[in-house]
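Reckoned from all heavy atoms, side chains included, excluding hydrogens, waters and symmetry mates.
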Amino acid sequence: WLGLRDYLKIWKIQKTIQNQVKNDGLNDVVLFLEHNSVYTIGKNADKTNLLPSKPVDIEVIETDRGGDVTFHGPGQLVGYPIIDLKRYNKSITWFMRGLENSIISMLTRLDIDSNIKNSLTGVWVDDKKIAALGVRLSRWVSMHGFAINVNTDLRLFNGIIPCGISEFGLTTIKKINNQRYDLYDVAMLMTDSLTDFLHTSYGGADA
């Protein structure tokens, strides 16, 4: 748990940890934190999804993760799993579905029914997105990860077309349950879900 941190500093920390995991100098790590407000642009993004209406005082950073344009900010739980998939299953699809299902499992513990949508990455409550995902692999070791809207101010998404998807809305755990949550507590619930996911897959056929 790293608390509230700037995006670029954590990006550098991720790269350092990823290199250590790739070289067998470190076990798998998951970083949990919230970011100071920032818009990030994925390597395959359509930059027109960053709108002229965005606040001028929020930094825009081009990153090396997959996915399109998104927002990170206070009240949003960000998780960066730096995982060697060779220990589990050498499949990006398996990994992404596992992250989504881990989030769904965590939300169930908060009495929130969520789902995935065919051909769209992320986790949804009805037709509103509650979690976004974007990762990058190097020698089967992941970095970047997921962002869950817990107490997020959704007005800050008005400066973008989130993940390039305009036909669906956004929501937060706070909005659904009418209750503000401590991000650390949600991170601990996610730790349980991710542990279950990875332990179930440890030593898979491709490990």
Side-chain angles (χ1 to χ4, degrees), residues 1-15 17 29-42 45 49-82 99-100 102-104 106-107 109-112 114 121-125 128-135 143-165 168-194:
W1 173 251
L2 299 177
L4 183 64
R5 298 296 185 100
D6 287 338
Y7 186 87
L8 283 176
K9 290 181 180 179
I10 298 300
W11 190 8
K12 291 177 182 177
I13 290 172
Q14 286 190 76
K15 290 178 181 178
I17 295 174
V29 175
V30 182
L31 306 178
F32 285 108
L33 59 137
E34 58 183 326
H35 280 305
N36 291 308
S37 293
V38 62
Y39 295 112
T40 67
I41 302 174
N49 289 325
L50 190 66
L51 304 176
S53 59
K54 71 174 181 61
V56 296
D57 59 338
I58 296 182
E59 189 175 13
V60 177
I61 296 174
E62 294 189 32
T63 182
D64 59 353
R65 63 163 172 78
D68 209 284
V69 177
T70 195
F71 167 80
H72 296 308
Q76 182 188 70
L77 177 65
V78 175
Y80 292 135
I82 305 172
L99 294 180
E100 289 171 336
S102 295
I103 295 168
I104 289 169
M106 181 278 292
L107 291 171
R109 295 180 64 180
L110 297 176
D111 297 321
I112 295 174
S114 58
T121 301
V123 176
W124 309 75
V125 177
K128 295 185 177 180
K129 196 170 193 176
I130 197 167
L133 290 83
V135 303
M143 62 180 286
H144 300 294
F146 56 85
I148 305 169
N149 294 326
V150 182
N151 307 310
T152 322
D153 183 352
L154 295 179
R155 292 173 297 180
L156 292 170
F157 282 93
N158 292 340
I160 60 173
I161 299 175
C163 303
I165 302 169
F168 299 118
L170 298 164
T171 192
T172 68
I173 294 175
K174 177 185 176 183
K175 191 171 183 179
I176 294 168
N177 283 354
N178 195 28
Q179 177 182 343
R180 189 173 186 86
Y181 288 82
D182 187 299
L183 263 65
Y184 178 83
D185 293 338
V186 180
M188 292 304 98
L189 293 177
M190 272 307 301
T191 299
D192 292 341
S193 290
L194 289 171

> Tell me, please, which residues at least two apart from Leu189 pass side-chain contact (heavy atoms from CB on, under 4.5 Å).
Met106, Arg109, Leu110
> What residues, two or more places apart in sequence or in another chain, satisfy side-chain hydrogen bond (donor to acceptor under 3.5 Å, both in side chains) together with Glu100?
Arg97
> Would you mind listing every salt bridge (charged side-chain N to carboxylate O under 4.0 Å, His left out) that reaches into residues 152-161, with sequence neighbours excluded?
Asp153-Arg155
> Please examine the side chains of Trp124 and Thr171, heavy atoms only from C-beta on, and report whether any two atoms are closer than 4.5 Å.
no
> Nearest heavy-atom pair of Leu170 and Leu154: which atoms, and what distance?
O-CD1, 3.7 Å
> Between Lys175 (side chain) and Thr152 (backbone), is there a donor-acceptor pair under 3.5 Å?
no
> For Ser102, check side-chain hydrogen bond (donor to acceptor under 3.5 Å, both in side chains) against everything at least two apart and list the hits.
none
> Quick one: salt bridge (charged side-chain N to carboxylate O under 4.0 Å, His left out) partners of Glu62, sequence neighbours excluded?
Lys47
> Phe146: which residues meet the ring pair (Phe, Tyr, Trp, His ring centres under 6.0 Å) condition with it, sequence neighbours left out?
none
> How long is the gap from CG on Asn151 to CG on Leu183, to the nearest 0.5 Å?
6.0 Å
> Of all residues at least two apart in sequence or in a different chain, which pass the side-chain contact (heavy atoms from CB on, under 4.5 Å) check with Asp182?
Tyr184, Asp185
> Going from NE2 on His144 to OG1 on Thr40, what distance comes out if it is rounded to the nearest 0.5 angstrom?
8.5 Å
> Show, in sequence, the C-alpha distance, side-chain angles and deciding distance for Ile10 and Val78, and conclude whether the side-chain contact (heavy atoms from CB on, under 4.5 Å) test is met.
CA-CA 11 Å; Ile10 298 300; Val78 175; over 6 Å; no
> List, one per line, each side-chain donor-acceptor pair under 3.5 Å for residues 30-39, sequence neighbours excluded.
| unit_1 | atom_1 | unit_2 | atom_2 | d |
| --- | --- | --- | --- | --- |
| Glu34 | OE1 | Gly75 | N | 2.8 |
| His35 | ND1 | Arg5 | O | 3.1 |
| His35 | NE2 | Tyr80 | OH | 2.8 |
| Asn36 | ND2 | Asp6 | OD1 | 2.6 |
| Tyr39 | OH | Leu156 | O | 2.7 |

> Atom CG in Leu77, atom CH2 in Trp1: separation rounded to 0.5 Å?
6.0 Å
> Any side-chain heavy atom of Asn149 sitting closer than 4.5 Å to one from Lys128?
no
> Would you confirm whether Asp68, through its side chain, and Gly42, through its main-chain N or O, come within 3.5 Å as a donor-acceptor pair?
no
> Taking only residues two or more places apart in sequence, or in another chain, which ones meet Ser114 in a side-chain hydrogen bond (donor to acceptor under 3.5 Å, both in side chains)?
none
> Nearest 0.5 Å, please: how far is CZ in Phe157 from CD in Gln76?
5.0 Å
> Restricting to pairs with a member in residues 51-60, which pass salt bridge (charged side-chain N to carboxylate O under 4.0 Å, His left out), not counting sequence neighbours?
none
> How long is the straight-line distance from CG of Leu107 back to CE of Met190, given to the nearest 0.5 Å?
8.5 Å
> Mind checking side-chain hydrogen bond (donor to acceptor under 3.5 Å, both in side chains) for Thr63 and listing every partner two or more places apart, or none if nothing turns up?
Tyr7
> Can you tell me how far CD1 of Ile148 sits from CG of Leu133, rounded to the nearest 0.5 angstrom?
8.5 Å
